[in-house]
Amino acid sequence: MRKKKEQIKDFQYEKSKRKERFTRKDWFCLGIIIVLFSIVAFYNLGSTHIPNSGWKPEEKGESVILEIEDHPIDKIYYFLGTENNPNARSEEDVFLIEASDDLENWEEVTTIQEHLFLFSWIKEDVDIQDKRYIRVTGLDPYISMNEIAFKLKGEKEFSKVEVLESDHSTGENLIDEPEEVLLEPTQANGIFFDEIYHARTAYEMGNGYELYEVTHPVLGKEIISIGIAIFGMNPFGWRFMGVIFGILMIPILYNFIKQMFKKTSVCFVGTFLFTFDFMHFVMSRIATIDTYAVIFTMLIYYFMYRYYQTSFYDTDLKKTLRPLFFCGMFVGIGFASKWNVAYGFIGIAILFFMNMYKRYKEYLHAKKKVEVEHSTDEMDQKVYQSFREDFVKTIYACVLFFVIIPCIIYYLSFIFIFDITNIGTYTKQVIDYNVNMFQFHTGSLLYHPHQSPFYEWPFLVRPMLFRADLSLSGDFYGILCISSPLFCWGGTITMIMTLAYYIKTKDKKALFILIGYFSVWLPWIFVKRSTFIYHYYPALIFVALSWAYVINKIIDKKKWFVIGIVLLHIILFCIYYPVLSGSWTSEEYARRLELFPSWMIDPYPEK
C-alpha cells in the first residue's frame, strides 16, 4: 500500500521529445558513408549498351540465312529482345536454328523455346562440324533476336558471319552489333534472377504492353521504369533506381538513429553496419521491388517513432498528427509497391495504441487528481479537460491516415497500367488483378534448392545464390544474397540484449525496436509459398537499430571494441565482395567462403 502511494506521488506526465538536429559532425559522417556506398554500388552496376536492333519475322516461318567463315562451332550465343508486345505471342517455340552445307538439306541445330530471359545473353552448346550455312527461322512475330554469334570449338573467339539471304531487310540486325558480343557475359550484360519479372515488366509498363509479371503491385516496377526511361532498356537503366533508393536509405536510417540515441558516433556505427551489410549492397544492385518495400517500411517506422515520442498534452494536436499523416502515406505507398509492407502495419498499430493507452492512463491520473483531490495544477487540469477531444480527433485522423488515404493511394497506383477514364472498368481490373495476386501468394510454389523458412534467416542457414557461372578458363563469378555474418549473427545477439534491457528497465526504445523486428519477421510463419533469405531484408532495419541500442550503452567504456567491430565489418565486406558483386574470382576462393555446406556459393562440382 505504501509502495502504491509512493508511485502515485512520483507520477510524472510523459513529455514530448524534441527533434534532434544534425551537427556538422553528423553531416560529415553521413556524407562519408553515402560517398563510399555510392562508389561501390555504382561500380560495375551494369552496361549501358546491349544489343538493341533486332530481327523478328513479320509472319511465322520467315528466315535469315547466315554464312559462317570458320568452323566447327561448339556454342551459339544469342540475345533475345522484343520490338512488340512479347506477351501477346501464341507460340511456344520462337526460333528454329538449322545448319546446312549446300543450302538445300537442312539439319536442326536447336529450337529456342519461350524463354524467361529476354534481354540477356544465352549460351547454348551445339555441335556444328562442317556446315557453312545457318538458317534462323522466326516462329513468332513478337520476339526479336537482337544478336547471334558462333564460338569456334576449342577457341576463345567467334567465327566471322555475314548475311547471305533474308526475307526482309532487317536480317542484317542479327549480326550488326558484334562489339556487344562478349565471350564471358555476366550480370552486367543482361537480366538475371527476378529481374526477368520486374525489370521486364517495368519495360512493358513503359511501352504500354501487356504485363508479364502480375503477382505483385505495380508501383515498385513503375519506379524501376524511371531508370529505364532515363538510360534506356539496359542493365544500368533498370538497376539505377534500386541503387538510388539504396542510397536514400542511408540518411533516413542515420536520422532514425539520431532521434533515438543522439550520439553521432552511435549514428555512424549503426548506419555504417547496415549500409555495408551484404544484403543491403546486393539488393540495391538488382532490379527487384524489395528495396522499395524496405525503404518505405523504414519511413513508416521512422514517422511512427516520431509520434511515439510525442504527447498531445504538451504539444499542439496538429503537430502530433503530422508524423501520423506521413506514416499512413508511406503505408499506402509501400503497400502499392509490395504486399509484405503490410506486416509492418501490425507493429505500428501496436505502438500507436500503446501510446494512446499511455495517454489514457495519464488521463485517469489527472481525473483522480482533479475530481478527488481537487488539484489546481495546470497540467492536471489540461490533461483532464483535453483528453477526450484530443483522443477522438486522433482516432478520426487515423481512420483517414491509415485506412482512407492508403486505400486511395493503392487504388490509384494502378493508373500506370489501366485506363481510369472508365471508373467501372478500371475498378474491375484492379479487383481482378488483386484476386490473381492473392491466389498466387496463398498457393504453394515448387521446391527451390535455396528456399529457406523464416526461422533460418537470423542464423544464415541457407543464403540465396542469384547467379553463378564458370568462364572458359575455369574462373568463377556469382552473386550471393546473404547478410554479413558479423551484422546478422551479432545482430541476433544485440536483439537478445535489447530484449534483456527491456525486461530489466522497461525502456520504450528497446520495446519499439523489438515490436518492429517481430512485426516484420514473425508473420512469415503463416506464409505457405516458398520463402527465401531476402525476405529477412526489412527486419535488418531493426537489427541495425538493436546494434545502435547496444553500442549506445557500451561505446563510452568500450570504444576500441566498437572500432574493432567496424573494422571487421569492412574486412568481411572486402573478403566477400567478389561473390556479392559478380566479379570474376577463382572457384577455390569461392568455395573457401562457404562456411557451411548449405551456403553453396559455388554450385559447380569439383572437377
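Owing to the predicted nature of the structure, the values given are computational and were not obtained by experimental measurement.
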I'd like to know if the side chain of [X] and the backbone of [Y] have a donor-acceptor N/O pair within less than 3.5 Å.
{"X": "S413", "Y": "A336", "result": "no"}
{"X": "D419", "Y": "T421", "result": "yes"}
{"X": "T201", "Y": "H198", "result": "no"}
{"X": "D194", "Y": "Y197", "result": "no"}
{"X": "S120", "Y": "I191", "result": "yes"}
{"X": "S144", "Y": "W55", "result": "no"}
{"X": "N52", "Y": "I50", "result": "yes"}
{"X": "N189", "Y": "W121", "result": "no"}
{"X": "W457", "Y": "S452", "result": "yes"}

For side chain to side chain donor-acceptor pair (under 3.5 Å), just list the numbers for T427 and Q429, CA-CA rounded to whole Å, side-chain angles, deciding distance to a tenth of an Å, and then say yes or no. CA-CA 5 Å; T427 302; Q429 289 172 320; over 6 Å; no
What are the two closest non-hydrogen atoms of [X] and [Y], and how far apart are they?
{"X": "I228", "Y": "A199", "result": "CD1-O, 3.9 Å"}
{"X": "G46", "Y": "P235", "result": "CA-CB, 3.8 Å"}
{"X": "P57", "Y": "I143", "result": "CD-O, 4.4 Å"}
{"X": "I244", "Y": "F42", "result": "CD1-CZ, 4.0 Å"}
{"X": "P458", "Y": "Y517", "result": "CG-OH, 3.9 Å"}
{"X": "L45", "Y": "R239", "result": "O-NH1, 2.8 Å"}

Any luck finding a side-chain donor-acceptor pair between Q451 and S530 under 3.5 Å? yes
Without hydrogens or angle criteria, can the side chains of Y307 and R322 be said to hold a donor-acceptor pair below 3.5 Å? no
Are side-chain heavy atoms of [X] and [Y] found at a separation under 4.5 Å?
{"X": "F512", "Y": "M260", "value": "yes"}
{"X": "Y534", "Y": "T288", "value": "no"}
{"X": "Q259", "Y": "Q309", "value": "no"}
{"X": "F37", "Y": "F281", "value": "yes"}
{"X": "E195", "Y": "F192", "value": "yes"}
{"X": "I148", "Y": "I76", "value": "yes"}
{"X": "E62", "Y": "E58", "value": "yes"}
{"X": "F352", "Y": "C398", "value": "yes"}

For the aromatic rings, using the six-membered ring if either is Trp, is the centroid distance between [X] and [Y] under 6.0 Å?
{"X": "Y411", "Y": "Y426", "value": "yes"}
{"X": "H280", "Y": "F274", "value": "yes"}
{"X": "W524", "Y": "Y343", "value": "yes"}
{"X": "F459", "Y": "W489", "value": "no"}

Check against side-chain contact (heavy atoms from CB on, under 4.5 Å), F345 and V331: CA-CA 7 Å; F345 191 78; V331 166; 4.0 Å; yes
Please determine whether the number of non-hydrogen atoms from other residues, nucleotides or ligands lying under 6.0 Å from atom CD of E108 exceeds 12. yes
Stepwise side chain to side chain donor-acceptor pair (under 3.5 Å) test for D277 and Y537: CA-CA 10 Å; D277 178 57; Y537 190 15; over 6 Å; no
Taking the six-membered ring of Y292 (Phe, Tyr or Trp), confirm whether the NZ or CZ of K338 is under 6.0 Å from its centre and within 45° of its axis. no
Give the C-alpha distance, both sets of side-chain angles, the deciding distance and a yes or no for side-chain contact (heavy atoms from CB on, under 4.5 Å) between T310 and K319. CA-CA 9 Å; T310 63; K319 288 184 178 179; over 6 Å; no
Exactly one candidate in T137, L80, T110 meets side-chain contact (heavy atoms from CB on, under 4.5 Å) with F95; the answer is L80
From the options I333, L219, N434, select the one residue that forms a side-chain contact (heavy atoms from CB on, under 4.5 Å) with Y410. N434
Give, for atom [atom1] of [X] and atom [atom2] of [Y], the distance between the pair rounded to the nearest 0.5 Å.
{"X": "M205", "Y": "S225", "atom1": "CE", "atom2": "OG", "value": "6.0 Å"}
{"X": "E180", "Y": "S53", "atom1": "CD", "atom2": "OG", "value": "9.5 Å"}
{"X": "L139", "Y": "T111", "atom1": "CG", "atom2": "OG1", "value": "7.5 Å"}
{"X": "F335", "Y": "T297", "atom1": "CZ", "atom2": "OG1", "value": "12.0 Å"}
{"X": "N355", "Y": "M304", "atom1": "CG", "atom2": "CE", "value": "8.5 Å"}
{"X": "I395", "Y": "F402", "atom1": "CD1", "atom2": "CZ", "value": "10.5 Å"}

Derivation of the side-chain contact (heavy atoms from CB on, under 4.5 Å) call for L514 and M495: CA-CA 7 Å; L514 293 166; M495 195 62 71; 4.0 Å; yes
Parallel, tilted or perpendicular: which fits the ring planes of [X] and [Y], with parallel below 30° and perpendicular above 60°?
{"X": "H441", "Y": "H216", "answer": "tilted"}
{"X": "F414", "Y": "F418", "answer": "parallel"}
{"X": "F119", "Y": "Y203", "answer": "perpendicular"}
{"X": "Y308", "Y": "Y305", "answer": "tilted"}
{"X": "Y302", "Y": "F256", "answer": "perpendicular"}

Go through the steps for S546 and T494 under the test side chain to side chain donor-acceptor pair (under 3.5 Å), then give the verdict. CA-CA 6 Å; S546 74; T494 59; 2.7 Å; yes
Pair F487, F276 - check ring-ring contact (aromatic ring centres under 6.0 Å, His included), show working. CA-CA 9 Å; F487 180 69; F276 289 95; over 10 Å; no
side-chain contact (heavy atoms from CB on, under 4.5 Å) for S581 and N44? Distances and angles first, verdict last. CA-CA 8 Å; S581 62; N44 197 33; over 6 Å; no
Less than 4.0 Å between a side-chain N and a carboxylate O, is that true for K123 and D469? yes
Decide yes or no on side chain to side chain donor-acceptor pair (under 3.5 Å) for E204 and Y212, but give the supporting numbers first. CA-CA 8 Å; E204 291 163 352; Y212 178 66; over 6 Å; no
